[in-house]
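So the structure is just underneath, and the comments pick up after that.
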Amino acid sequence: MKVLVTGGTGFTGAALVDRLLREGHEVVALDKQPGLIDDELRRKGAKIVYGSVTDRDAVARSMEGAEVVMHLAAAFREIGVPDEVYRAVNVTGTRIVAEEALRAGVRKLVYCSTQGVHGHIENPPGDENSPIAPADYYQQTKYEGELELKVLDGTPVEYTIIRPTAIYGPGDPGRFVMIFRRVAKGVFPMFGSGRTFYHPVYIDNLVDAFLLAAQQGVGTGRAYIIGDAEYFSIEELVRRVAKAMGVPVRIPHYPIWPLLAAGHVCEKVCKPFGIEPPIFPRRVDWFRQVRAFRIDRARRELGYEPRVGIDEGLRRTAEWYRATGRVRFPDTSPLVPPKAA
Ligand SMILES: NC(=O)c1ccc[n+]([C@@H]2O[C@H](COP(=O)([O-])OP(=O)(O)OC[C@H]3O[C@@H](n4cnc5c(N)ncnc54)[C@H](OP(=O)(O)O)[C@@H]3O)[C@@H](O)[C@H]2O)c1
């Protein structure tokens, strides 16, 4: 099958492209700009098209002959950019992808949304029927992106929405690397109680879900929360990371409100200058937004079953961070190879 993966050289996109190629599919990746992984993906057989999902011609060009489109491109990690960038990419870009999928005769569009469309879960665990309550502009625009797919209702193009929980694994440039780096220092400052729930999804488990959702007649017009089988308190997650790294960690607690206030101030001051603030409200939300879901619908309707559990997933992630030098492990960690005599 010929598949277009938008955002195909990002963290999740590259893992998906890699799996599709290994399963013998022909893959085109559309991405905004050249990145470090592009040559590796090309060597494995991917074709990479550079262009924005907001550029209709680029989308049409990359979609030629595609049977399936996996739409992952998103303004997500952009910090210090105007809100309109999020709207243009996540809403208008998704509409363009949907309209071009119809024009190109694509049979299935899988849209990567986010658990964040549900915001803070008041009564955990939540599910796809939990209130839609985006807590920030990113989450809001991801939800509006979901609504843009309605243009495909009643057309031959089937679509399925995936709402991943917090994605982690080898290749993750973002959130988890920060947890690992702090744990490596032996002290993890915990703002608030540490009892907030956090729901991870290991990258390979998520890729499984994308492949299941790509099947014809499966999950048409439906949204699915895709997470690992278990969720954890953030304090427990930090302890599991320490276990995976084989290092001790101390977790002192501090009140969260001063951090939140500082996040708002930093964002206000830095944004007009396009500077990345050291802390900002979305980052502070990690300590206070409850994320915990049932994945029963995906199990029932997609046949999804997370294969990699947290300890194995964190171990593989730790190994990747060590091997790529992204995290400096203390000499006491069993993951640090002994020095040659
Ligand atoms: N990571 C998570 O925990 C998480 C959780 C739930 C949902 N998601 C969703 O999962 C998807 C993948 O996220 P990720 O973690 O893999 O993030 P990522 O590494 O930032 O991947 C996003 C990719 O989209 C590309 N992109 C951004 N704007 C684009 C545009 N205008 N046109 C074409 N490509 C564009 C980025 O390119 P550049 O790098 O060149 O900018 C990047 O390669 C996103 O849809 C995100 O909303 C992520």
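We use all heavy atoms of the structure for the numbers below, so side chains are in, but hydrogens, waters and symmetry mates are not. Order of appearance sets the numbers: ligands from 1, and atoms from 1 within every ligand. Computed from a predicted model, the values in this text were never measured in an experiment.
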Pair Phe76 and Tyr138, ring centroids less than 6.0 Å apart | yes

Hey, are Thr6 and His71 close enough side-chain-wise for a donor-acceptor pair under 3.5 Å?
-> yes

Is the backbone N or O of Glu236 less than 3.5 Å from a side-chain atom of Ser233, with the two atoms forming a donor-acceptor pair by type?
-> yes

Does Phe188 have Arg182 sitting over its ring (NZ/CZ under 6.0 Å from centre, angle to axis within 45°)?
-> yes

Of Met70, Gln33, Arg163, the residue with the heavy atom nearest atom 39 (O) of ligand 1 is Gln33

Return a yes/no value for Val53: is any of its N or O atoms, backbone included, closer than 3.5 angstrom to an N or O of ligand 1?
-> yes

Backbone N or O of Pro131 within a donor-acceptor pair of the His118 side chain at under 3.5 Å?
-> yes

Selected option - heavy-atom contact closest to atom 23 (C) of ligand 1, from Gly7, Gly8, Gly174, Ala15 = Gly7

Close approach of Gly51 to ligand 1, heavy atoms, under 4.0 angstrom = yes

Please work out which of Gly171, Gly169, Ser52 has its closest non-hydrogen atom nearest to atom 31 (N) of ligand 1.
-> Ser52

May I ask you to check if ligand 1 and Gly10 share an N or O to N or O distance below 3.5 Å?
-> yes

Kindly identify the option in Tyr50, Phe11, Tyr138, Phe76 whose heavy atom sits closest to atom 47 (O) of ligand 1.
-> Tyr138

Heavy-atom contacts under 4.0 Å between Pro173 and ligand 1: side chain, backbone, both, or neither?
-> neither

Less than 3.5 Å between some nitrogen or oxygen of Thr12 and one of ligand 1, yes or no?
-> yes

Heavy-atom distances under 4.0 Å are what count here, so tell me which part of Asp172 touches ligand 1: side chain, backbone, both or neither.
-> neither

Of Val5, Ile37, Asp31, Leu72, the residue with the heavy atom nearest atom 42 (C) of ligand 1 is Asp31

Are Tyr168 and Tyr202 close enough that their ring centres sit under 6.0 Å apart?
-> yes

For the ring pair Phe232 and Tyr198, is the centre-to-centre distance below 6.0 Å?
-> no

Please determine if Arg299 and Glu305 form a salt bridge, counting it only when a charged side-chain N lies under 4.0 Å from a carboxylate O.
-> yes

